[in-house]
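Just so you know, these numbers come straight off a predicted model, no measurement behind them. Lettering of chains follows the sequences in order, A, B, ..., and the numbering in each one begins at 1.
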Protein chains: 2
Amino acid sequence: MEGAGGLSTSLRRGTLEFCVLALMERGDQYGTELVRQLGAERNLAISEGTIYPLLSRLRRSGWVETTWRESPSGPPRRYYSLTPSGSSVLQHFRREWAVFRDTVDRIVGTDSP
Amino acid sequence: MEGAGGLSTSLRRGTLEFCVLALMERGDQYGTELVRQLGAERNLAISEGTIYPLLSRLRRSGWVETTWRESPSGPPRRYYSLTPSGSSVLQHFRREWAVFRDTVDRIVGTDSP
DNA sequence: ACACAGTACCTTGCGCCGCAAGGTAGCGGT
DNA sequence: ACCGCTACCTTGCGGCGCAAGGTACTGTGT
């Protein structure tokens with residue numbers, strides 16, 4: 001169930017939005033597809049109640065822009081793509097992440113003494 | 001200033017409490033000293049308003065226990081030490097963290113194509 | 001004795017964000 | 001016409017890091 005306060009839930013905070021940006025870097029994405037792709041990662045599985053508010057924030061921040069496109073079968077989709085600003089923010093995150101990751105590795109270690 | 005919603009602030013979520021547990025594994029700790037030690041890490045600097053509620057949660061969870069000890073100079077300190085339960089939770093986190101870290105590395109990558 | 005700085009503990013109110021649950025609507029098959 | 005699937009979005013809640021504020025004990029200087 002991984003209820004509120006679950007381990008993965010807290011870990012996601014702060015990285016999830018950049019994982020989403022990184023996926024957009026590989027190609028335009030839409031909401032439902034993002035939920036599917038992240039669902040394939042054990043630690044990043046999220047629901048629609050998470051992704052849509054997140055995407056709205058990215059849009060308000062000017063890091064992504066959207067275009068409606070018809071689906072080959074089904075309702076139209078809102079596709080999200082990186083703006084130059086979003087690309088820059090993602091690069092900045094990569095540096096922050098590398099430092100943070102190494103710090104945590106050093107402090108919690110990878111196995112016990 | 002790293003105001004609310006800062007990059008590091010969000011990254012800390014979900015790892016901070018385990019970094020604290022890991023520091024206790026090396027030896028008993030008290031609040032103010034933890035603030036100092038974490039302050040030495042660029043990405044983990046926190047304030048007292050963060051550490052004391054966090055320590056209370058750890059205590060309520062049964063992961064740490066506390067003993068008051070006099071200080072060589074100054075008011076008494078409340079020292080925190082790991083319980084067996086806390087030690088076990090820390091081990092569990094180590095495994096979760098390794099998976100999570102590798103997942104993020106794979107998705108956001110370490111540099112751009 | 002007394003004031004003051006330093007250390008150490010803790011609480012309050014706020015804002016962010018992931019989540020479960022619920023809601024709307026377009027499309028295709030039968 | 002109906003039903004199921006896809007796709008989008010919103011509401012209310014809870015957890016947690018934080019700034020700011022508050023209390024108390026100790027040692028030092030006067």
Glu70(A) atom CD is separated from dT6(D) atom P, nearest whole Å, by 19 Å

Atom CZ of Arg77(A) and atom C1' of dG26(C) are separated, to the nearest Å, by 13 Å

Ser8(A) and Asn43(A) have their tightest heavy-atom pair at OG-OD1, 3.3 Å

*asked:* So, OP1 or OP2 of dG17(D): does either fall under 4.0 Å of a side-chain N or O from Arg57(B)?
replied: yes

In terms of heavy-atom contacts, Thr15(A) and Leu11(A) come closest through OG1-O, 3.5 Å

Residues in residues 30-41 of chain B with a heavy atom under 4.0 Å of DNA chain C, by number, are Tyr30(B), Gly31(B), Thr32(B), Arg36(B)

Side-chain N or O of Thr9(B) less than 4.0 angstrom from OP1 or OP2 on dC18(D)?
-> yes

* To do: Please determine if a side-chain N or O atom of Arg12(A) lies less than 4.0 Å away from the OP1 or OP2 oxygen of dG18(C).
  => no

In this structure, CZ of Arg77(A) is separated from CG of Asp28(A) (nearest 0.5 Å) by 12.5 Å

Got a list of protein N/O to nucleotides 10-13 of chain C N/O distances below 3.5 Å?
from	atom 1	to	atom 2	distance (Å)
dC10(C)	OP1	Arg78(B)	NE	3.0
dC10(C)	OP1	Arg78(B)	NH2	2.6
dC10(C)	N4	Glu48(B)	OE1	3.3

Pairwise N/O distances under 3.5 Å, protein to nucleotides 1-6 of chain C:
none

### Message
Considering every strand and a 4.0 Å limit on heavy-atom distances, what is the contact class for Arg13(B): base, sugar-phosphate, or nothing?
### Response
base

Here the distance between atom P of dA7(D) and atom CD of Gln29(A), to the nearest Å, is 13 Å

Between CZ of Arg60(A) and C1' of dG15(C) the distance, given in whole Å, is 13 Å

By salt bridge (charged side-chain N to carboxylate O under 4.0 Å, His left out), Arg106(B) pairs with (sequence neighbours left out) Glu41(A)

Sequence neighbours excluded, the answer for salt bridge (charged side-chain N to carboxylate O under 4.0 Å, His left out) partners of Arg60(A) is none

Note: with side-chain heavy atoms under 4.5 Å as the link, the other cluster members for Tyr30(A) come out as Tyr79(A)

Contact under 4.0 Å: Ser47(B) side-chain N or O vs dA19(D) OP1/OP2: yes

Rounded to whole Å, CD of Glu17(A) lies from P of dG18(C) at a distance of 7 Å

Rounded to 10°, the angle between the first-five-pair and last-five-pair axes of the helix from dA1(C)-dT30(D) to dT30(C)-dA1(D) is 10°

Out of dC27(C), dC18(D), dC19(C), minimum distance to the side chain of Ile46(B) belongs to dC18(D)

To the nearest angstrom, the CG-C1' distance between Leu11(B) and dC18(D) comes to 16 Å

Shortest non-hydrogen pair, Cys19(A) vs Val104(B), comes out as SG-CG2, 4.4 Å

Practice prompt. Could you label the plane-to-plane angle of the Phe100(B) and Trp97(A) rings as parallel, tilted or perpendicular, counting under 30° as parallel and over 60° as perpendicular?
Written response: perpendicular

Here the gap from Met24(A) atom CE to Leu34(A) atom CG, rounded to the nearest 0.5 Å, amounts to 5.5 Å

Sequence neighbours excluded, the answer for side chain to side chain contact (heavy atoms under 4.5 Å, CB included) partners of Ser88(A) is none

Just distance, no hydrogens or angles: give the donor-acceptor pairs under 3.5 Å from side chains in residues 48-56 of chain B, sequence neighbours left out.
from	atom 1	to	atom 2	distance (Å)
Ser56(B)	OG	Tyr52(B)	O	3.1

Sequence neighbours excluded, the answer for side-chain hydrogen bond (donor to acceptor under 3.5 Å, both in side chains) partners of Glu65(B) is none

Sequence neighbours excluded, the answer for salt bridge (charged side-chain N to carboxylate O under 4.0 Å, His left out) partners of Glu17(A) is none

Sorted by chain and residue number, the salt bridge (charged side-chain N to carboxylate O under 4.0 Å, His left out) partners of Asp102(B) (sequence neighbours excluded) come out as none

